[in-house]
Amino acid sequence: MQETKSTCPYCGVGCGVIIESTGTEITGVRGDPTHPANFGRLCTKGSTLHLTASQALAQQTRLLQPLHRAQRNAPAQPLPWDAALDLASHRLARTVREHGPDAVGFYVSGQLLTEDYYVFNKLAKGLIGTNNIDTNSRLCMSSAVAGYKQTLGADAPPACYDDVQHAQCLFIVGSNAAWAHPILFRRIEDARAAHPGMKVIVADPRRTDTAGTADLFLPLQPGSDVMLFNGMLHLMLREGWHDAAYIAAHTTGFDALKALVRDCTPERVAEVCGIPVADLTTAARWFAQSPATLSLYCQGLNQSSSGTAKNASLINLHLATGQIGKPGAGPFSLTGQPNAMGGREVGGLANLLSAHRDLANPAHRAEVAALWGVDDVPAKPGKTAVEMFQAAADGEIKALWIACTNPAQSMPDQATVRRALQRAEFVVVQEAFATAATCAYADLLLPATTWGEKTGTVTNSERRISRVRAAVPAPGLARHDWAIAVQLAHRLEALLRPGAPTLFPYTTQHAEAGAEAVWNEHRESTRGRDLDITGLSWEMLESRGPQQWPLAENAAAGKARLYADGIFPTADGRARFAAHAWQPTAEPRDSHYPFSLTTGRLRDQWHGMTRTGQLGRLFGHVAEPSVQLHPQDMQRQGLESGDLVCVTSKRGTIVVPAQADATVGLSQAFMAMHWGSEFLSGCAATGERLAGVNALTTSAFCPTSKQPELKHAAVKIAKAGLPWTLLAMAWLPADSAQATREALSALMGQFPFASCVPFSNHTPLHEPGRERTGVLLRAAAHAAPPGATVERIEALLGLHGADTLRYTDQQRGQRRAARLVRGADGATTLEGIVLAGDTRAEGWLKTLLQEELPAQAYGRLLLVPAAQAPVAVQSRGKPVCTCFNVTDAAITAQLAHCRGTDEDRLAQLQGQLRCGTNCGSCVPELKRMVRATGPQASPPLAQATI
């Protein structure tokens, strides 16, 4: 067995991992105990990385060779690499000649490595001559970038993870860190245990697991963050809780801000935000008077039409109180992707250039042109993500190159995005996974490497650069992203600037040498800049491990914290207060659209689930898509949990089950961001296939950062009225389960509602040999579909043989099928079921199958359409701890025997069941269950918001 150090490809915490491999197969993964981001810890997603990299899955889900569609919607056919790159280069060159360079757009990803990003940026801006290159980081971090630049002068998070240990007040806003950044949240738990006096304030529209641990929870109305921050500053000034000396010595613009917040009285803030005046006052006092206050924030601030204002207004609080540049203090933006920081460093956005240079600055453009060896870099601003797809939909952009991202799932206003992909004359998708929704729109598909196969660097949220190393060779004909871009560039140079020296002198024959050469050029671009890394090298990363920037030439080490001297990277060395008045959301709810829909992450899934969505075990915590509503709103709508509802915004409609959830505020709805058309779909009355949650979201964006308001859309919700329902699920061989799910997903468009997800038998992570994989399809319609449709579903799930029990009532549109299997141990279990037209028996049949309970006593009683099982079925409950397969029922039963304080009872629980002792992702939920069942149980999670 070989061990290779690398990093986790999920959130921006940047955890170090050790990959175990044998030959060409990744066999295991564990946290790197020497990596300063995680010290050996991994979350549920990171702990299962090796399972997503199996060769059995790769054969079903990976893009393994270049593919070309001669016509749209035709099957893609294999094409040799040289032919594929020749085709791409000639099509792009023709587009440039006929329509100009701005008719080409590149849309790339925060999951690319820094080297990938650098080459793509140089390809677009240096060779083709367009600034139309943007990234899915625009959907993630551009408001944080704009907020830092507007106030502190540079896109440089001033704090670090170690500040969690030194903070005496944590202000967590717009972040469910317990789920989105679980390893960082473990640090918070450790810090609170070591420092019981630490205060934690959480501001969020939902009472999340993060909010459940807070000393003070502020259940904000969606979009009211700027009013909250300005109101806190109003109180700080009124009560003398600000640092006048720091303001005078190190800042400018305070008088304008002071005048602005004068009108943000506690009473007005309470009305707009929906929180008590007393809680507002407490938050302001704790923040200002703490010896060290650290703010942690993420998409709740960023994904907003006021995203820059939210970020800057929070930073105002740190400047006004001097809570910056010292241990435990500062505004710390948490990145959502593993290398969103690296992309920002190389200027991989439509408005940026290398090393934090601004495209609008002529001197900066000249510096980059000189570095690259070109006459100039175009001055015209490029199209940002939303603008790029709108331009393609309007016919302005003719060619789109999409790398390592899935806009047909992740972009807002999916109707426009899909129209853009259809109208563009040439679409290239450079991707590792053939299952991404965007692949269906590609004229040319190019196979790229992914985690475990790539080599290069990434930068995490605390400005720490880590090496990424390949543990196994690329599968099939996949190539590194930067190498594909270089090989394309060489062909384009011959067409666009024949005879000129190459701008891309990097070898693609030796991955390590080529990637390091790209990185060295990037390093030189940082000389003298705020992120200067001229003192860093790959050799240093090898010998000394991950390093933080800046790390200039001759420096002994990088800086953990910035601005300790009170000097900022602005013309006068002072930070700038930014006076932003509160603005409502771009789309306030009204009588026609009375619910505020917010989106967010699930604990065990990531982004569009092209990777995590392959593992049934990661669906244990949240098994299927749903929209959550407050129980009172459910009652007013005449809904019960599980009822299908139409959720409609001004852009589209989706059909999805509703679920009562007291953590959601009144007149609000919540839906996970992950549910795209790969897992949740259906067919509209017009015949158009529904596109998942982002069919609803708005493309309205912040005017400064151009980041869209994915966090809020006004919607209406009504019962769907689809009487014919179907449930189909079965265990499947590991080497075909994902292929079967893809085949079933292709049928979702035949129903007004359909969802298709994997599931597993939830074996403990350390017992992989026992794990099984299944697929569950759920559908609904106004009337029964043709019998051939259900027969096709049965056949795909293996329920078409003589060993399948059947019942059919054509007049009522009902079919039922069940297959029993006798195992090697002699036990008979249920292997698969299809319930069509009458799904009342779902509850006990689903439990019988998924928990592999003995089924020999049932026989043809399995076909009885009854909600009550003919023989009692006792479910083990819903998994809470994925690592050790501990369910909520087991936890509740064990807690009945635990005594003492909440801390004592948690320790006893973990000692008995081991839950939360591996990755720790379930610990916040365990604590919530402990509080809810203790002698002095916490009040219900429901908290109505005004």
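Numbering of residues begins at 1 and proceeds along the displayed sequence. Remember, it's a predicted structure, so these values are computed and weren't measured experimentally.
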Answer yes if the side chains of [X] and [Y] hold a donor-acceptor pair under 3.5 Å, and no otherwise.
| X | Y | answer |
| --- | --- | --- |
| Ser143 | Thr308 | no |
| Thr653 | Thr648 | yes |
| Thr698 | Glu709 | no |
| Gln487 | Arg479 | yes |
| Thr438 | Arg418 | no |
| Ser354 | Ser525 | no |
| Glu345 | Tyr117 | no |
| Glu678 | Ser745 | no |
| Gln430 | Asp481 | yes |
| Gln150 | Asn311 | no |
| His712 | Ser596 | yes |

In sequence, state the C-alpha distance, the side-chain angles, and the governing distance for Glu387 and Thr384, and then conclude on side chain to side chain donor-acceptor pair (under 3.5 Å). CA-CA 5 Å; Glu387 295 169 326; Thr384 60; 2.7 Å; yes
When you look at CG of Asn73, are more than 12 heavy atoms from neighbouring residues, nucleotides or ligands closer to it than 6.0 Å? no
Run the numbers on Asn406 and Glu431 for side chain to side chain donor-acceptor pair (under 3.5 Å), then give the verdict. CA-CA 9 Å; Asn406 190 16; Glu431 175 60 68; over 6 Å; no
Between [X] and [Y], is there a side-chain N and carboxylate O pair less than 4.0 Å apart?
| X | Y | value |
| --- | --- | --- |
| Glu521 | Lys122 | yes |
| Arg94 | Glu425 | no |
| Arg491 | Asp82 | yes |
| Arg344 | Asp155 | yes |
| Lys454 | Asp116 | yes |
| Arg91 | Asp443 | no |

Side chains of [X] and [Y]: does their closest heavy-atom pair fall under 4.5 Å?
| X | Y | result |
| --- | --- | --- |
| Asn351 | Asp358 | no |
| Arg365 | Asp376 | no |
| Thr114 | Val518 | no |
| Cys404 | Gln111 | yes |
| Ile654 | Val627 | no |
| Leu446 | Trp81 | yes |
| Leu352 | Leu359 | no |
| Thr435 | Arg62 | no |

Can you measure from CG (Leu503) to CG (Leu492) and round to the nearest 0.5 angstrom? 11.0 Å
Rounded to the nearest 0.5 Å, what separation is found between the CD atom of Gln707 and the OG1 atom of Thr704?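 Output value for this atom pair is 12.0 Å.
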Relative to each other, are the rings of [X] and [Y] parallel, tilted or perpendicular (30° and 60° limits)?
| X | Y | value |
| --- | --- | --- |
| Trp482 | His480 | parallel |
| Trp372 | Tyr118 | perpendicular |
| Tyr297 | Tyr148 | tilted |

Apply the test side chain to side chain donor-acceptor pair (under 3.5 Å) to residues Asn136 and Gln337: give CA-CA distance (whole Å), side-chain angles for both, the deciding distance (0.1 Å), then the verdict. CA-CA 9 Å; Asn136 59 14; Gln337 297 192 86; 2.8 Å; yes
Going by the side chain to side chain contact (heavy atoms under 4.5 Å, CB included) test, name the single residue among Val108, Val104, Leu92 that passes it with Trp401.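 Going through Val108, Val104, Leu92 one by one, the side chain to side chain contact (heavy atoms under 4.5 Å, CB included) with Trp401 is satisfied by Leu92 alone.
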Would you verify whether the NZ or CZ of Arg611 falls within 45 degrees of the ring axis of Phe433 while also being under 6.0 Å from that six-membered ring's centre? no
